[in-house]
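Data block below; observations after.
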There are 2 protein chains.
Amino acid sequence: MRLREATTAEIKATALKHMASSGTAAISLRAIARDMGMTAGAIYSYFDTRDNLVSVLIADVYSGLADTLEAAIEACPKDDAAAQVLAFGQAYRNWAVNNPEEFRLVYGDAVPDYQPPEGGAAAEAEHRSCAVLTGIVAAGWPKAQHLYIGSDHSWSDFDPAFAELIRQSFPDLPPAAVALSLRLWGRMHGLVSLEVYGHLRPQVQDPQKLYRTELVDLSKSLGHVPVGDSPSVVSV
Amino acid sequence: MRLREATTAEIKATALKHMASSGTAAISLRAIARDMGMTAGAIYSYFDTRDNLVSVLIADVYSGLADTLEAAIEACPKDDAAAQVLAFGQAYRNWAVNNPEEFRLVYGDAVPDYQPPEGGAAAEAEHRSCAVLTGIVAAGWPKAQHLYIGSDHSWSDFDPAFAELIRQSFPDLPPAAVALSLRLWGRMHGLVSLEVYGHLRPQVQDPQKLYRTELVDLSKSLGHVPVGDSPSVVSV
DNA sequence: TGGCCTAATAAACAGTGTTCACTCTTTATG
DNA sequence: CATAAAGAGTGAACACTGTTTATTAGGCCA
């Protein structure tokens with residue numbers, strides 16, 4: 001039935017609308033139903049439970065983030081890992097700052113009592129995002145690997161399924177590179193999540209500038225040597 | 001009244017107990033009161049509102065974290081910035097991993113509809129934690145400053161009150177060093193918050209190892225040159 | 001004893017997720 | 001054409017939440 005899909009989509013859209021305007025905690029079945037001219041109980045023919053709806057929302061939003069990230073590096077030269085990591089980093093922060101509630105939904109636990117299921121659809125989007133970053137590291141690895149000759153990381157450090165997935169896409173990539181890509185993710189996520197959750201504003205006037213400094217320093221992890229001494233060469 | 005203080009403390013303790021066992025969303029006035037053999041309404045003679053109670057809890061917990069961090073670097077040689085930053089980083093992660101609900105309370109927005117007040121008691125603990133990290137950077141700055149000669153950071157990048165506070169404690173420290181300390185905080189926070197929120201486990205078998213690698217790399221930002229090539233020299 | 005303050009209560013209000021018996025409409029089949 | 005089946009939605013109920021308010025019990029002091 002087309003109508004069923006349409007209603008499902010409308011429920012999700014309404015939920016996201018409420019979330020964007022009133023915060024993640026405002027995802028209330030009753031409020032959604034009221035907004036749509038229905039009853040709360042009616043939603044249960046589309047989603048088993050509220051957590052189920054939230055799970056689907058998280059998967060959708062996360063998938064949208066993955067799209068954004070993929071699109072961001074798509075516009076970069078394929079062999080310029082430094083440009084790619086800068087683009088990725090900027091896209092990550094821009095998305096988070098412009099969609100703070102979505103960010104909280106995906107990376108926080110804003111929804112009361114919600115417990116994420118094992119390996120849901122969200123896991124797929126997470127793997128996609130990770131893969132994008134790993135692709136960047138893979139592109140820059142020839143120039144970067146000399147920085148990690150002493151690394152003691154091995155494939156057993158990672159989840160077997162994840163490691164297998166990575167090795168399929170990038171057969172020649174060593175575990176040290178995978179560790180690097182996860183660390184890069186962590187570095188970006190740190191400043192961004194501090195900012196989104198309001199822990200940077202009290203101290204920093206311009207979080208973007210601080211973040212840009214971090215990104216430039218971060219690009220050095222890929223063997224990139226910035227032209228000139230000033231980070232102002234970075235296009236934002 | 002002594003009795004009043006005791007009851008206030010018991011309310012806070014009960015709230016923290018519930019939070020630790022059933023998550024941050026379980027901070028329910030009714031549940032707390034039930035546990036204490038009172039009525040929910042009675043709590044309102046001790047705390048104006050639930051958000052008020054949460055604010056006090058956050059301040060307490062954050063203050064405890066600051067104590068932990070201060071104690072961690074207290075045990076380090078005063079002039080060894082690298083050892084200090086490693087100790088700080090390990091203490092930060094250990095605290096977060098061992099007290100995930102406290103971490104979520106302070107750095108997330110786990111409590112539904114809670115809005116943090118401007119410059120509450122939590123801000124003081126945040127400044128304390130920042131100051132600890134800035135102290136580490138200050139200790140290592142003589143050996144590290146050559147890495148940041150091209151920095152274009154200025155005092156105007158920071159909040160005036162925060163900048164003034166820093167300059168009182170560390171008169172000779174340039175703004176680039178303050179930016180560095182905030183970035184170090186961000187780097188630690190990134191991997192830790194990803195881990196606490198469950199975004200690392202699906203990919204990484206041993207988050208601690210990844211984090212240690214990051215810490216070692218991070219100590220290089222302070223001009224530290226690790227002995228040997230292996231990060232195994234780091235005492236955990 | 002009378003007055004006062006404080007702590008605590010019970011009941012109410014509006015909101016939440018969830019379930020369930022029931023209705024109405026549409027669709028397909030004998 | 002008539003009848004059965006399935007789909008979609010309702011409205012009332014249950015147990016829970018934070019919060020407010022009127023009211024009561026107990027201690028303290030003059």
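It should be emphasised that the depicted structure is a prediction, and the values quoted were computed from it without experimental measurement. Note on naming: letters A, B, ... go to the chains in the order of the sequence lines (proteins, then strands), and numbering restarts at 1 for each one.
Using a 4.0 Å cut-off, no side-chain N or O of A:Arg4 falls inside it from OP1 or OP2 of D:dG7. The side chain of A:Ser28 places an N or O atom within less than 4.0 Å of a non-bridging phosphate oxygen (OP1 or OP2) of C:dG17.
Between the CG atom of A:Asn52 and the C1' atom of C:dG17 there is a distance of 14 Å, given to the nearest Å. One can place CD1 of B:Ile27 at 14 Å from C1' of D:dG18, the figure rounded to the nearest angstrom. Nucleotide C:dT18 holds its P atom 7 Å from the CG atom of A:Asp51, rounded to whole Å. In this structure, B:Leu29 atom CG and C:dA8 atom P are separated by 14 Å, rounded to whole Å. Rounded to whole Å, atom P of D:dA8 lies 12 Å from atom CD of A:Glu5. The separation between B:Arg50 atom CZ and D:dG18 atom P is 6 Å, rounded to whole Å. As rounded to whole Å, 11 Å separates atom P of C:dT18 from atom CD1 of A:Ile32. Spacing between atom CZ of A:Arg30 and atom P of D:dG11 amounts to 12 Å, rounded to whole angstrom units.
Where A:Ala31 and A:Asp48 each meet DNA chain C at their nearest nucleotide, the meeting point lying more 5' is that of A:Ala31.
Contact annotation: the side chain of A:Leu16 never approaches that of A:Asp60 to less than 4.5 Å [non-hydrogen atoms, C-beta and beyond]. Proximity of B:Leu180 to B:Ser221: side-chain heavy atoms (C-beta onward) are separated by under 4.5 Å at one or more points.
Listed for the B:Tyr211 side chain is a donor-acceptor partner under 3.5 Å among the backbone atoms of B:Gly89. Side-chain atoms of A:Ser21 come within 3.5 Å of backbone N or O of A:His18 as a donor-acceptor pair. A donor-acceptor pair is defined here as one N or O able to donate and one able to accept, closer than 3.5 Å; no such pair exists between the side chain of A:Asp217 and the backbone of A:Glu214.
B:Asn99 contributes atom CG, which lies 12.5 Å from atom CZ of B:Arg104 (distance to the nearest 0.5 angstrom). Distance check, rounded to the nearest 0.5 Å: CZ of B:Arg34 to CD1 of B:Ile32 gives 10.5 Å.
The ring pair (Phe, Tyr, Trp, His ring centres under 6.0 Å) test applied to B:Phe88 returns no partner, not counting sequence neighbours. For B:His199, the ring pair (Phe, Tyr, Trp, His ring centres under 6.0 Å) criterion is met by A:Tyr107, not counting sequence neighbours. Scored by the ring pair (Phe, Tyr, Trp, His ring centres under 6.0 Å) test, B:His127 finds B:Phe162 as partners (sequence neighbours excluded).
Residue contacts for A:Tyr46: at a heavy-atom cut-off of 4.0 Å it reaches the sugar-phosphate backbone alone, with no base atom in range.
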What are the atom names and distances for every N/O pair under 3.5 Å that joins the protein to nucleotides 21-24 of chain C?
none

List every contact pair, protein side and nucleotides 23-26 of chain D side both N or O, where the distance is under 3.5 Å.
none

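Using a cut-off of 4.0 Å between Lys/Arg side-chain N and Asp/Glu carboxylate O, B:Asp159 and A:Arg201 are scored as not salt-bridged.
Near DNA chain D, defined here as any heavy-atom distance below 4.0 Å, the residues from residues 33-45 of chain B are B:Arg34, B:Ala40, B:Tyr44, listed numerically.
Residues A:His189 and B:Ser193 have side chains that bring a donor and an acceptor to within less than 3.5 angstrom of each other.
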